[in-house]
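Counting begins at 1 with the first residue of the sequence. Excluded from the calculations below are hydrogen atoms, water molecules and symmetry mates; all remaining heavy atoms, backbone and side chain alike, are included.
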Amino acid sequence: MKKFAMHGAAVSALVVMALTGCGGSGDATVLAGSTASETPTPKAAKQYSNDELMAMVKQIKPGNGTELTTASAEELAEANPVKALMSMFTVEPAECKELETLGSSEPVAGSTSAAGAEVNNESGVMTMVTLTSGVDVGALQQSLDANVAHAAQCANMTLSMAGQSMTVTTEKFAGISTVPGTIAYRTAMTSPSGAAQSTYMAYAIKDGVLISVTASGKGAEASGVTSAGALMDQAAALVK
């Protein structure tokens, strides 16, 4: 099994993932329609196994047509490098220090999952897609709704370490994907020197599968929206 490349843009993306809310639609996902004259029994969405999700991820291609580096559920459940990175910083507001419940790297209890990532050295963008299933839609939506509130609370933060500090701002962003129910964020991290980096993140629940995508790196402003959107659209098309 391959490990994610934990260097360069990859590390930057993981740091920013820890600083942004794992967003979700404020409206509950509709599983079945109803009318005034009838109330049909809702059809439960399929719950995919880890292997089925991995097979989906392997079919998703980044914009340059290369293969994604995949990570299994077991690998995703290993010690979270984001937590180790965050422990090195002083965070203001202080309550935003506890960010382990945010970001797609934190699994939903009892869920199945698989992920894929790619670092494009030419564009300087890391893209990542994570698929989560194995629990009912209500559990996925509850997790996302809770994190939306955290994202709003920590929309403006300062990270400090060894006398240096950087500002992190997060705001909702429209236009990444046309998948129904998609919610997206743009996070900007700026250093005292003026150096900046953006991350685009989008989330949607389709037929009981939570799709999470990110695009981060020095080239994200130019191609991050397109990169993240391509992953989202491909993943959604694979969920039947």
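To the nearest 0.5 Å, atoms CZ (F173) and OG1 (T199) are separated by 12.5 Å. Taken from CG in L159 to CE in M157, the straight-line distance is 5.5 Å, to the nearest 0.5 Å. Distance check: M56 CE to L53 CG gives 6.0 Å after rounding to the nearest 0.5 Å. Taking CD of Q164 as the reference point, atom OG of S193 lies at 8.5 Å (rounded to 0.5 Å). The NZ atom of K46 lies 7.5 Å from the OG atom of S49; values are rounded to the nearest 0.5 Å. Here the OG atom belonging to S111 is positioned 11.5 Å from the CG atom belonging to L131, to the nearest 0.5 angstrom.
Between the side chain of T226 and the main chain of S223, no donor-acceptor pair closer than 3.5 Å is present. Remark: the backbone N or O of G194 is not paired with any side-chain donor or acceptor of T190 at under 3.5 angstrom. Between the side chain of K206 and the backbone N or O of V239 there is at least one donor-acceptor pair closer than 3.5 Å.
Across all their heavy atoms, A220 and V125 have their closest contact at N-CG2, 3.6 Å. Across every non-hydrogen atom of G224 and A215, the tightest pair is O-CB, 3.3 Å. In plain terms, the two heavy atoms of M128 and A115 that are nearest each other are CE-CB, 4.3 Å. Residue L76 comes nearest to S113 through the heavy atom pair CD1-OG, 3.6 Å, listed as atom of the first residue, atom of the second, then distance. Of all non-hydrogen atoms in I60 and Q234, the two that sit nearest each other are CA-OE1, 3.5 Å. Scanning both residues, S123 and K218, for their nearest heavy atoms gives O-CG, 4.5 Å.
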Item to complete: Apply the test side-chain hydrogen bond (donor to acceptor under 3.5 Å, both in side chains) to residues T187 and T170: give CA-CA distance (whole Å), side-chain angles for both, the deciding distance (0.1 Å), then the verdict.
Response: CA-CA 4 Å; T187 290; T170 299; 2.9 Å; yes

Practice prompt. Could you walk me through whether M189 and T167 pass the side chain to side chain contact (heavy atoms under 4.5 Å, CB included) test, one step at a time?
Written response: CA-CA 6 Å; M189 180 181 290; T167 60; over 6 Å; no

Discussion item. As a quick check of understanding, evaluate side chain to side chain contact (heavy atoms under 4.5 Å, CB included) for T70 and M54, giving each step before the final call.
Written reply: CA-CA 8 Å; T70 58; M54 179 62 78; 3.6 Å; yes

Item to complete: Apply side chain to side chain contact (heavy atoms under 4.5 Å, CB included) to the pair V135 and S133, showing each step before the final yes or no.
Response: CA-CA 6 Å; V135 294; S133 182; over 6 Å; no

Practice prompt. May I have the step-by-step check of side-chain hydrogen bond (donor to acceptor under 3.5 Å, both in side chains) for R186 and S198, ending in yes or no?
Written response: CA-CA 7 Å; R186 174 183 177 272; S198 295; 3.1 Å; yes

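In this structure, E118 does not pair ionically with K61, as no charged nitrogen and carboxylate oxygen lie closer than 4.0 Å.
Side-chain contact between N50 and S72 is absent, with no heavy-atom pair separated by less than 4.5 Å. Using a 4.5 Å heavy-atom cutoff, the side chains of L210 and S212 are in contact. Contact annotation: the side chain of P192 approaches that of S165 to within less than 4.5 Å [non-hydrogen atoms, C-beta and beyond]. Proximity of V213 to T127: side-chain heavy atoms (C-beta onward) are nowhere separated by under 4.5 Å. With a 4.5 Å cut-off on side-chain heavy atoms, I183 and K172 count as touching. Under the 4.5 Å side-chain criterion, counting only non-hydrogen atoms from C-beta, D233 is in contact with V179. Using a 4.5 Å heavy-atom cutoff, the side chains of I211 and I205 are not in contact. The shortest side-chain heavy-atom distance between T132 and V209 does not fall under the 4.5 Å cut-off.
Between the side chains of Q197 and S216, at least one donor N or O lies within less than 3.5 Å of an accepting N or O.
The aromatic ring centres of Y200 and Y185 sit 6.0 Å or more apart.
If you chain together hydrophobic residues whose side chains sit under 4.5 Å apart, Y48 and L231 fall into the same group.
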